[in-house]
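Below, read A as the first sequence line, B as the second, and so on, with proteins coming before strands; counting in each chain starts at 1. Worth saying up front: this structure is predicted, and the values here are computed from it rather than measured.
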Amino acid sequence: MALTLYNTFNRRKERFEALAPPRVTMYVCGPTVYSYPHIGNARPAVVFDVLARLLRRTFDLEYARNITDVDDKINAAAQEQGVDIGEITEHFAHVYAEDMRALGVAPPDMEPRVTEHMDDIIRLIGELVDKGNAYEAEGHVLFSVPSFAAYGGLSNRSRHEMLAGARVEVAPYKQDPGDFVLWKPSDATTVGWDSPWGRGRPGWHIECSAMARAKLDRSIDIHGGGQDLIFPHHENEIAQSTCANDAQYARYWVHNGFVNMETEKMSKSLGNVLLVRDLLKTAPGEAIRLGLLSAHYRQPLNWTEQLLREAKKRLDGFYGVLLAAELGPAAGSTAEVPAEVIAALEDDINTPQALTALSALARQANRASDSDKGELRRLAALLRAGGVMLGLLKQNPEDWFKRGPTAPLNPDDAKPAMEDSVIDALLAERERHRQERDFEAADRIREQLEAHGIVIEDGPGGASWRRK
RNA sequence: GGCCACGUGGCGGAGUGGUUACGCAGCGGUCUGCAAAACCGUUUACACCGGUUCAAUUCCGGUCGUGGCCUCCA
């Protein structure tokens, strides 16, 4: 099987072919660092993390995900708090990295920041001006959309259609209503850089074009991001980069769907956001990650408490297999990734199908668990390898069951925490009662533990416990 | 108004021109001192109307509905 990806540009699934194998270049639009990431922001990070893991199996991947640290929303936040923008961006870049790590997202190979590529941005704008694709007007530099005949190819709309639906006032200095800003002037109180067009700062779209070229190449294999970036952001990137580089900008455009709250898009402007760090207080990072992977990446995902609960239970099932097989932590595992998992992921990153393959392995393993320990261990190792491929099942199963969430999903379910040593002591006491066939006393201890969210499981090797 | 998705069983969610998705929940059973876990079995699915076809949930057209983009947004 070969990798196929849905290419937004052609609106169909296509077989992936690298421009210059074994090298593959991938650029994904990363965060603008001015606030805490919400679960919707986490989706592309997780999805492209899975794609990156898949690509690394067969290619020499160069994966860049930018950090936008110059932006008017950052400026607004900095002015409001009376601090330098660097304080805001440093803080939230750190928060983003922490939250993504908690979700099992491996850092990309490169995380370029806009402020570190101002020279590249200014050079790129200069090239566009020289080529006649951009012009200066009232301190601004604008991209001339009519100069790029293929404009609208990604979002599948003509300039005429866009004008019909335009809801924004057209700035008077624009030669064409569709023209967009590459560089804009900064006043004395706003952060700015010296340029041939005066002190100013970059517009929204140019930084990705500049960093993709600086960090990867003039022509890249895969460009990813959320569906809301298709227009205007990615459309404008194509215009800038194609004109400046005289080359196809990106061969495959991959866009993830939104995370919704009650079927409505989660967005900062609507205020209906669920922060990753708040979710991490209620559930393990792997459960949140599995929740994000439980629907196909292009489908909308309705984020609910039930979704998260089901994700956690599914992981409980998988870890139950690993525990029975006494596998321990993931490090050092040499098992091959199951072919079904690879096949599912190669089919346009079909993560629900990959999870189905894991469930099938778990069932087979459980079936074998009583009669054939060797088979159990073999299947469990496959399950683990498939899970790790998805960024899951990396923990020691014992830790998974003994370390509950720091807070329950529902505050009403709050139960007083209990020390491991206390639990172990109570369990030993219960064992004595059971030896003496005093089941009433034994059951009282179980109820006592239950009240603390602890479940006892009696097995052939004695009793064990786990946190719900 | 333009463009684009989507509408699957109690819920979530894949997929396919003719064969069990899978997960969660429910019900029955095996196991267990009782449980839990696990396993086995099980419950009315493919919005509606036409068309193509030997055969459509799957292809085509229409209707209705939901959502997204067209403006900062993953």
- Query: Salt-bridged, Asp347(A) to Lys13(A), with N to O below 4.0 Å?
  - Reply: yes
- With a distance cut-off below 6.0 Å to the six-membered ring centre and an angular limit of 45° from the axis, does Arg65(A) pair with Phe48(A) as a cation-pi contact? no
- Message: Does a side-chain N or O of Lys468(A) approach OP1 or OP2 of A36(B) to a distance below 4.0 Å, or not?
- Response: no
- Spacing between His296(A) atom NE2 and G13(B) atom P, to the nearest angstrom: 13 Å
- Message: By the 4.0 Å heavy-atom rule, please label Lys313(A) as base, sugar-phosphate, or nothing.
- Response: sugar-phosphate
Give the table of side-chain donor-acceptor pairs shorter than 3.5 Å for residues 94-101 of chain A, with sequence neighbours excluded, one pair per line with atom names and distance.
| unit_1 | atom_1 | unit_2 | atom_2 | d |
| --- | --- | --- | --- | --- |
| Glu98(A) | OE1 | Arg277(A) | NH2 | 3.0 |
| Asp99(A) | OD1 | Arg277(A) | NE | 3.3 |
| Asp99(A) | OD1 | Arg277(A) | NH2 | 3.1 |

- Task: Give, ordered by number, those residues of residues 427-436 of chain A having at least one heavy-atom distance below 4.0 Å to an atom of RNA chain B; if nothing qualifies, reply none.
- Result: Arg430(A), Arg434(A)
- Query: OP1, OP2 of G23(B) versus side-chain N and O of Arg363(A): anything below 4.0 Å?
  - Reply: yes
- Message: By the 4.0 Å heavy-atom rule, please label Gly459(A) as base, sugar-phosphate, or nothing.
- Response: nothing
Residues 370-388 of chain A side chain polar contacts: donor-acceptor under 3.5 Å, at least two apart:
| unit_1 | atom_1 | unit_2 | atom_2 | d |
| --- | --- | --- | --- | --- |
| Asp372(A) | OD1 | Gly374(A) | N | 3.2 |
| Asp372(A) | OD1 | Glu375(A) | N | 3.0 |
| Lys373(A) | NZ | Ser369(A) | O | 3.2 |
| Glu375(A) | OE1 | Arg378(A) | NE | 3.1 |
| Glu375(A) | OE2 | Arg378(A) | NH2 | 3.2 |
| Arg377(A) | NH1 | Ala325(A) | O | 2.6 |
| Arg384(A) | NE | Leu393(A) | O | 2.6 |
| Arg384(A) | NH1 | Gly328(A) | O | 3.1 |
| Arg384(A) | NH1 | Pro329(A) | O | 3.3 |
| Arg384(A) | NH2 | Gly328(A) | O | 3.0 |
| Arg384(A) | NH2 | Leu393(A) | O | 3.4 |
| Arg384(A) | NH2 | Gln395(A) | O | 2.7 |

- Message: Taking any heavy-atom pair under 4.0 Å as a contact, classify Gly225(A): base, sugar-phosphate, or nothing.
- Response: sugar-phosphate
- Looking for any heavy atom pair under 4.0 Å, which part of the strands does Arg367(A) touch: base, sugar-phosphate only, or nothing? sugar-phosphate
- Query: Near RNA chain B, which residues from residues 101-111 of chain A have a heavy atom under 4.0 Å away?
  - Reply: none
- Report yes if at least one side-chain N or O of Asn156(A) is closer than 4.0 Å to OP1 or OP2 of C4(B); otherwise report no. yes
- Message: What's Asp458(A) touching, base or sugar-phosphate or nothing? Going by heavy atoms closer than 4.0 Å.
- Response: base
- Task: May I ask you to say what Asn366(A) touches in the nucleic acid, namely base, sugar-phosphate or nothing, with a heavy-atom cut-off under 4.0 Å?
- Result: sugar-phosphate
- Message: Classify His38(A) by what it touches in the nucleic acid, base, sugar-phosphate, or nothing, heavy-atom distance under 4.0 Å.
- Response: base
- All side-chain contact (heavy atoms from CB on, under 4.5 Å) counterparts of Asn41(A), not counting sequence neighbours: Pro37(A), His38(A), Lys268(A)
- Message: Taking any heavy-atom pair under 4.0 Å as a contact, classify Ser294(A): base, sugar-phosphate, or nothing.
- Response: sugar-phosphate
- Query: What salt bridge (Lys or Arg N to Asp or Glu O under 4.0 Å) pairs are there with at least one residue in residues 284-296 of chain A, not counting sequence neighbours?
  - Reply: Asp49(A)-Arg289(A)
- Rounded to the nearest 0.5 Å, how far does CG of Leu427(A) lie from CD of Glu431(A)? 6.5 Å
